[in-house]
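Letters A, B, ... mirror the listed sequences (proteins, then strands); counts begin at 1.
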Amino acid sequence: MFALVDANNFYVSCHRAFDPSLKGKPVVVLSNNDGCCVARSNEVKALGVKMGTPWFQLYDLAKQHGIIALSSNYCLYGDVSLRFMRILAQFSPVQEVYSIDECFLDFTGFNYIDMTGYGQTIRQRVLQWLGLPVCVGIGPSKTLAKLSNYVAKKREQHQGVFDYSRLSQQEQDELVSSIEVGEVWGIGRRLSERLARQGIETVKDLRDADTKTLRRQFSVVVERTVLELRGVSCLDLEEVAQAKKEIVSSRSFGKLVVKLDDLQQAVASYTSRAAEKLRRQHSVAGALQVFLQTNPHKTGELQYHPNILIPLIEPTADTGLLVSHAMRGLKRIYKPGYRYQKAGVMLMDLSGAKTSQPDLFSHVSTQDRQKSQRRMETLDHINRKMGRGTLRLAAEGFQHTWKVRTDYPSPCYTTRWAELPIAYAK
DNA sequence: TCTGGGGTCCTAGGACCC
DNA sequence: TCTGGGGTCCTAGGACCC
């Protein structure tokens, strides 16, 4: 038995927890550069605003209904998420942190208690300790727990907790025939369209379809989803987060960039950020990819989105080395005359730092390797203690004119001394 | 003016091996 | 007329997730 606990409108709720004046008002949280809506309060959803809508398209609607926009504040969300997961850990011995705002809990053996009541306790605890509204879905497979969570969110009569396993066969049939197939975890837009052409439109249609045929026509993934819908658990809980197989750091610019010099600073900064993530999971990279992009929405402008793959002779996690390779790659693909909107770096071919093989004919001495390692440890230590970017490569530069735009910033309430919220007693 | 960032898995096809 | 059988690795593309 599984439970899925999922925060409601997570980013919006994080802001509301620290700024109660936002409660009951239409609020959106914007992506980097204040580009599009990545979180919407219920009031905004009710106005018909879709996920991912560009903010500039909402100016009129916003004025009309007093929609409040907030720039995204990832230091806040990350910290609230940590606290959220820590609270949930008290409710089950086995926990899978699935995303920043979602968590699977193992409810195996919980059948003897009232799981719906237990779910309510979880909701109340998280609300009281963190100010975060959440919903709980319970079911005999992860896919059904997900589906139950959807029901808990959409149908108010369940008060935020829904347990699929409590339904009779007939109630199950009624429920799944009232939900569109696209709501199922793993069935996206494309698959929904293709399934609809075969007459599979509701969750019930999919659950009762022939697995062999689906596997032949689609894939083993769809087949697994069908089994999960029938209550046959195929997906295990993953308690320990697996090390990433690739690490990306990329960003759209606050304004279009033309000069190689600016791109170099940006790519050096992104590479340095990616290398940090790489070392945090104790990996080294065997290859690195650099890419650039012009603005695809400007149809009148010349488009160019090159990328280059740079294999490294010897895997490394050294920021300096990675940056110098990235710079070499950037120079190869950079062409003047374009207005670039975005740049990025991907570290690939990752392997464990302890187990990675040095090159047989390497010109790097063991001593140099150890020096590099100590240098990176020192760098990370200082930046962890004093704040990201305190110590950095000169190549990253300081005059970041292309930096992301943040028009509606909010305090890092829980992670910066200067921005702690202050409570007054009357 | 203005459109995010970061991931994973599966499959088919090509190239190559004995 | 007619040309084996079994396997691996890599890549690109498509689909999905948050």
Qualifying residues under side chain to side chain contact (heavy atoms under 4.5 Å, CB included), relative to A:K335, sequence neighbours excluded = A:Y304, A:Y338, A:Y340
Nucleic acid contacts of residues 53-76 of chain A, taken as heavy-atom distances under 4.0 Å to DNA chain B = A:P54, A:F56, A:Y59
ask   = What integer distance in Å separates A:W402:CH2 from B:dC2:P?
value = 19 Å
Protein-nucleotide distance (A:K146, atom NZ; C:dC16, atom P), rounded to Å = 15 Å
Please list every donor-acceptor pair under 3.5 Å in which a side-chain atom of residues 230-240 of chain A meets a protein atom from a residue at least two apart or in another chain.
residue	atom	partner	partner atom	Å
A:R230	NE	A:R207	O	2.8
A:R230	NH2	A:R207	O	3.2
A:R230	NH2	A:A209	O	2.7

Report, one line per pair, each donor and acceptor closer than 3.5 Å where one atom sits in a side chain of residues 47-58 of chain A; sequence neighbours left out.
residue	atom	partner	partner atom	Å
A:T53	OG1	A:K50	N	3.4
A:T53	OG1	A:K50	O	2.5
A:W55	NE1	A:Y408	OH	3.1

I'd like a table of donor-acceptor pairs (distance under 3.5 Å, sequence neighbours excluded) in which one partner is a side-chain atom from residues 241-269 of chain A, with atom names and distances.
residue	atom	partner	partner atom	Å
A:S249	OG	A:Y270	O	3.4
A:S269	OG	A:Q265	O	2.8

Short side-chain N/O contact to B:dT3 OP1/OP2 from A:K298, under 4.0 Å = no
ask   = Side chain of A:C36: nearest nucleotide among B:dT3, B:dG6, C:dC17?
value = B:dT3
task = Using modelled atom types only, decide if a donor and an acceptor are shared between the side chain of A:H282 and the backbone of A:L278 within a distance under 3.5 Å.
result = no
Qualifying residues under salt bridge (Lys or Arg N to Asp or Glu O under 4.0 Å), relative to A:D6, sequence neighbours excluded = A:K153
Which residues share a side chain to side chain contact (heavy atoms under 4.5 Å, CB included) with A:S177, sequence neighbours left out = A:K204
ask   = If you check every side-chain atom of A:K244, which of B:dG7, B:dG4, B:dG6 has the closest atom?
value = B:dG7
query = Considering only side-chain heavy atoms of A:S249, which listed nucleotide, B:dG6, B:dG5, C:dC17, is closest?
reply = B:dG6
ask   = To the nearest Å, how far apart are A:D101 CG and C:dC18 P?
value = 9 Å
note = Whether each nucleotide of nucleotides 10-15 of chain C has a protein heavy atom under 4.0 Å at its base (B), only at its sugar-phosphate (S) or at neither (-) is summarised, 5' to 3', as -----S
query = Taking A:F107 as the fixed residue, which of A:F91, A:Y118, A:F2 is the one that meets the ring pair (Phe, Tyr, Trp, His ring centres under 6.0 Å) rule?
reply = A:Y118
key: Test salt bridge (Lys or Arg N to Asp or Glu O under 4.0 Å) applied to A:E156 - qualifying residues, sequence neighbours left out   = none
message = Regarding A:I187, tell me which of base, sugar-phosphate or nothing describes its non-hydrogen contacts under 4.0 Å with the strands shown.
response = sugar-phosphate
query = Donor-acceptor pair, A:N73 side chain versus A:L76 backbone, under 3.5 Å?
reply = yes
remark   = Between OH of A:Y270 and P of B:dG4 the distance, given in whole Å, is 13 Å
query = salt bridge (Lys or Arg N to Asp or Glu O under 4.0 Å) with A:R375: which residues, sequence neighbours excluded?
reply = A:D318
Nucleic acid contacts of residues 221-238 of chain A, taken as heavy-atom distances under 4.0 Å to DNA chain B = A:V221, A:R224
message = Distance check, rounded to the nearest 0.5 Å: A:N8 atom CG versus A:L132 atom CG?
response = 8.0 Å
ask   = For A:E246 and B:dT8, what is the distance between atoms CD and C1' respectively, to the nearest whole Å?
value = 8 Å
request  = Kindly express the pairing pattern of DNA chain B in dot-bracket notation, using | wherever a base pairs with another strand and counting only Watson-Crick or G-U pairs under 3.5 Å.
outcome  = ....||||||||||||||
A:Y98 and A:F104 aromatic ring geometry - parallel, tilted or perpendicular at 30°/60° bounds = perpendicular
remark   = Between A:N295 and A:A243, whichever has its closest DNA chain B nucleotide further toward 5' is A:N295
ask   = Is it true that atom NZ of A:K45 has more than 12 heavy atoms of other residues, nucleotides or ligands lying nearer than 6.0 Å?
value = yes
inquiry  = At 4.0 Å (heavy atoms only), tell me whether A:K255 reaches a base, stays on the sugar-phosphate, or touches nothing.
reply    = nothing
query = Nearest-Å distance, NZ (A:K342) to P (B:dG4)?
reply = 7 Å
message = With a 3.5 Å distance limit and no angle check, can you tell me whether A:D208 reaches the backbone of A:D205 through a side-chain donor-acceptor pair?
response = no
request  = Would you please confirm or rule out a distance under 4.0 Å between OP1 or OP2 of C:dC17 and any side-chain N or O of A:S99?
outcome  = no
ask   = On DNA chain B, nearest-nucleotide positions of A:F218 versus A:I247: which is more 5'?
value = A:I247
Length of the OH-P vector between A:Y98 and B:dG7, whole Å = 15 Å
message = Side-chain N or O of A:S252 versus OP1/OP2 of B:dG5: is the shortest distance under 4.0 Å?
response = yes
Minimum-distance nucleotide (side-chain atoms of A:Q341 versus B:dG4, B:dG6, C:dC17) = B:dG4
Phosphate OP1/OP2 of B:dG6 contacted by A:R251 side-chain N/O (<4.0 Å) = yes
request  = Take the protein atom CE of A:M51 and the nucleotide atom P of C:dC18, then report the distance between them rounded to whole Å.
outcome  = 10 Å
ask   = Below 4.0 angstrom from OP1 or OP2 of B:dC9, is there any side-chain N or O of A:K245?
value = yes
